[in-house]
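Input: a single structure, listed below in structure tokens.
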Amino acid sequence: MRGRWFTVMGALVLSLVLLAVPQLLDKGLLFDGAQSYTFYAQSESSQARIVQAEASEAFAVKWGIASLTGESARYEKAEDAFAQVKKYRAKLLFSRTVGDVTDYYYYSPCLRGGVELEGNCVNLHVAVHGASASIGSPLIFGSY
């Protein structure tokens with residue numbers, strides 16, 4: 001009887017671990033070496049709850065967000081943001097310039113999900129303003 005209880009409990013613990021591992025692996029930062037990070041929760045639209053974090057606290061802040069739907073990062077040099085585009089092997093879909101900001105919209109096979117924009121599935125967005133840039137997945141919301 002005792003052996004059966006240990007077997008059932010062991011199976012239960014193993015099941016819980018197998019359910020938790022994908023969630024834990026998904027909590028690393030998407031973008032390396034940024035100046036600051038912004039996380040989006042509860043919606044993949046501009047209605048998302050926005051949580052900002054400095055680079056030193058970004059990993060811990062991301063871990064604390066239960067319904068994460070997106071992430072963005074700010075770089076002082078635009079080329080650092082474009083290095084992240086290369087890391088994710090993203091394909092440029094289209095771009096547009098409004099005022100002094102140029103937005104680049106990409107699809108990366110390395111990133112999950114995306115949103116439909118102009119008939120394309122977009123899951124990576126870069127906004128360049130002067131020499132600096134922000135990069136986000138699936139999109140950047142708020143100011144950049």
Side-chain angles (χ1 to χ4, degrees), residues 5-144:
W5 183 84
F6 282 117
T7 302
V8 169
M9 291 309 289
L12 178 63
V13 168
L14 180 61
S15 297
L16 291 173
V17 167
L18 291 175
L19 286 172
V21 166
Q23 300 300 318
L24 295 174
L25 294 175
D26 212 21
K27 288 288 190 172
L29 296 173
L30 288 179
F31 308 111
D32 304 321
Q35 173 188 353
S36 61
Y37 292 84
T38 302
F39 303 102
Y40 311 105
Q42 302 168 348
S43 175
E44 286 188 344
S45 74
S46 59
Q47 301 303 310
R49 181 173 64 96
I50 296 175
V51 180
Q52 297 184 337
E54 293 301 316
S56 61
E57 62 186 10
F59 187 75
V61 169
K62 185 174 181 178
W63 267 87
I65 299 173
S67 55
L68 189 71
T69 57
E71 177 177 339
S72 67
R74 180 157 172 26
Y75 293 90
E76 284 300 316
K77 294 190 252 174
E79 56 264 17
D80 293 337
F82 286 110
Q84 301 299 305
V85 171
K86 191 173 185 177
K87 167 185 156 182
Y88 285 111
R89 301 187 331 258
K91 175 187 169 198
L92 180 64
L93 301 171
F94 61 95
S95 64
R96 66 170 75 126
T97 300
V98 177
D100 56 356
V101 176
T102 301
D103 292 292
Y104 299 89
Y105 298 93
Y106 296 87
Y107 177 78
S108 168
C110 303
L111 297 169
R112 292 183 302 161
V115 294
E116 177 113 3
L117 276 181
E118 297 185 14
N120 297 288
C121 181
V122 173
N123 63 5
L124 194 62
H125 173 198
V126 176
V128 178
H129 179 254
S132 65
S134 293
I135 184 170
S137 180
L139 294 175
I140 303 166
F141 296 114
S143 62
Y144 46 87

Sorted by chain and number, sequence neighbours left out, side chain to side chain contact (heavy atoms under 4.5 Å, CB included) with A78 holds for F82, V128, A133
State whether the side chain of K77 and the backbone N or O of A131 hold a donor-acceptor pair below 3.5 Å, judged by distance alone.
no
Sorted by chain and number, sequence neighbours left out, salt bridge (charged side-chain N to carboxylate O under 4.0 Å, His left out) with E118 holds for R96
According to side chain to side chain donor-acceptor pair (under 3.5 Å), who are the partners of Y40, at least two apart in sequence or on a separate chain?
S72
Might you work through the side-chain contact (heavy atoms from CB on, under 4.5 Å) test for Y104 and L92, ending with a clear yes or no?
CA-CA 7 Å; Y104 299 89; L92 180 64; 4.0 Å; yes
Contacts of T97 that satisfy side chain to side chain donor-acceptor pair (under 3.5 Å) - sequence neighbours left out:
T102
Any donor-acceptor pair under 3.5 Å from D80 side chain to Y75 backbone:
no
Results of side chain to side chain contact (heavy atoms under 4.5 Å, CB included) for C110 - residues two or more places apart only:
Y88, R89, S108
List the atom pairs, donor and acceptor, that lie under 3.5 Å between side-chain atoms in residues 29-37 and the rest of the protein, sequence neighbours left out.
| residue | atom | partner | partner atom | Å |
| --- | --- | --- | --- | --- |
| D32 | OD2 | K87 | NZ | 3.1 |
| Q35 | NE2 | E76 | OE2 | 3.3 |
| Y37 | OH | F31 | O | 2.6 |
| Y37 | OH | A34 | N | 3.3 |

So, using side chain to side chain donor-acceptor pair (under 3.5 Å) as the criterion, who are the partners of Q84 when residues are at least two apart?
none
Side chain to side chain contact (heavy atoms under 4.5 Å, CB included) against L139, all qualifying residues, sequence neighbours excluded
Y105, V115, L117, V122, H125, F141
Residues in side chain to side chain contact (heavy atoms under 4.5 Å, CB included) contact with K91, at least two apart in sequence or another chain:
none
